[in-house]
Amino acid sequence: MTEVVKNVEAAVKAAAAREAVTDMFFVACGGSNALLMSGHYAVEREAEKIASFSYSSAEFLARAPKRLGKGSVVILCSHSGNTPETVAAAKYAREAGALTIAFTNLENSPLDQAAEATILYQYNPLAVSEDHAAPMLMRLVFGILAAREGNGKLGKVETALAGMGKTIEAVIARHKPSIAAWAESSKREPVIYTMGSGANWGSAYSFAICILQEMQWVHSAAIHAGEYFHGPFEVTDFDVPFIILKGLGNARKMDERALAFAEKYSKRLLVLDAAEFGLEALAGDAAEYLTPMLFTALLRAYAVALADSRGHPLTVRRYMWRMEY
Ligand SMILES: O=P(O)(O)OC[C@H]1O[C@](O)(CO)[C@@H](O)[C@@H]1O
């Protein structure tokens, strides 16, 4: 195993060595924040005593939670390692006595230097590999839950993670015709909504804010399937496009209810169903936690095709990293 993977173990060890772990905070911005939401979801579902919180970095600093302290593990992520509010959040949490664990793609970056433990990851948004951030986040979270509370799902998670690379390749290959058709039929859409819930809320959120808004300048919003009936469903119409993620586990009921309504009134639905990933056979009752990394990679394949059909590369920005903000 590589150095990168050892860092997960070192981080788990550091959390195991703390006198107490009463809470975990997941803190990042944008796509990195969305990524960490899957860790927050797993801790909220699985932890018996540890409380979990998910924040955008600036909100974490502004709220300055009073419970942050020696009993806290703060997991941060910044792909660039440079986002100022995430670096500031790491420093703030570390000064408060929390154990800080940072995910980043850039060694020696300000975030790497600010945090007590760093997990360096490799990046390929169209694939899933064990040295990518999302699988390592699952190993970290289930490792900490095993060490602190005796949670028994780590073995299943690890076994399933070993097969994820092949799984996503097969899923993307199966979706090829759908990807091409959706990209072509969506290229003039002024607005596209993305819906999800449970473990997959972060995948829906990042597609709406990072892909459609940031990288394609397409109007969008992430709609939580449970919230759909409490406002957003009023925008549903035959020509209004939605992407609906159907997850696994308890949350699937919410996605199914939203889908059942949306398909009566919209003719522009793209439905991606985690049931086709075949994860339950691999991971049993831990399967729902592994769906976000597959949805995010699959959605990326849709995004690449959309960018191509619109003639708008995913790399173009007008403000981000160019203007002062
Ligand atoms: O802190 P990071 O992960 O480098 O993020 C920087 C930027 O990258 C994105 O996640 C995606 O481009 C943005 O949402 C965010 O502002």
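Residue numbers run from 1 in the order of the sequence given. Whatever order the structure lists them in is the order used to number ligands and atoms, beginning at 1.
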At what distance is the nearest protein heavy atom to [atom], and which residue and atom is it?
atom	value
atom 13 (C) of ligand 1	E214 OE1, 3.5 Å
atom 4 (O) of ligand 1	S80 OG, 2.6 Å
atom 1 (O) of ligand 1	T83 OG1, 2.5 Å
atom 10 (O) of ligand 1	G31 N, 2.9 Å
atom 15 (C) of ligand 1	M320 CE, 4.2 Å
atom 7 (C) of ligand 1	W321 CZ2, 4.0 Å

Q: Check the pair H40 / S52 against side chain to side chain donor-acceptor pair (under 3.5 Å), numbers first and verdict last.
A: CA-CA 6 Å; H40 165 62; S52 182; 2.7 Å; yes
Q | Lys NZ or Arg CZ of R63 over Y55 ring: under 6.0 Å, within 45° | A |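 Verdict for Y55: no cation-pi partner in R63.
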Q. Taking atom types as modelled, is there a side-chain donor on S32 or S78 under 3.5 Å from an acceptor on the other?
A.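 No.
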Q.
Under a plain distance cut-off of 3.5 Å, with no hydrogens placed, do D112 and T118 share a side-chain donor-acceptor pair?
A.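 Side-chain D/A pair, T118 to D112: present.
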Q.
Going by side chain to side chain contact (heavy atoms under 4.5 Å, CB included), F242 matches just one of T236, L270, T194. Which one?
A.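 Single pass found, and it is T236.
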(Q) Just to be sure I read this right, does ligand 1 sit under 4.0 Å from the backbone of S78, its side chain, both, or neither, counting only heavy atoms? (A)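 Both backbone and side chain.
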Q) Ring centres of Y302 and W182 under 6.0 Å apart? A)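 Yes; W182 has its ring centre under 6.0 Å from that of Y302.
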Q: Taking the six-membered ring for Trp and the single ring otherwise, decide whether the centroids of Y205 and H224 are under 6.0 Å apart.
A: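 That pair fails the under 6.0 Å test.
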**Q.** Ligand-side contact atoms (ligand 1) for residue partner G30, heavy atom cut-off under 4.0 Å
**A.**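 Counting atoms of ligand 1 from 1, those under 4.0 Å from G30 are 10 (O), 14 (O).
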Q: For C210, counting its heavy atoms only, list the atoms of ligand 1 lying under 4.0 Å from any of them.
A: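 Numbered from 1, ligand 1 contributes 14 (O).
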Q: Would you check whether S32 has a nitrogen or oxygen atom less than 3.5 angstrom from a nitrogen or oxygen atom of ligand 1?
A: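 Yes, at least one N or O pair falls under 3.5 Å.
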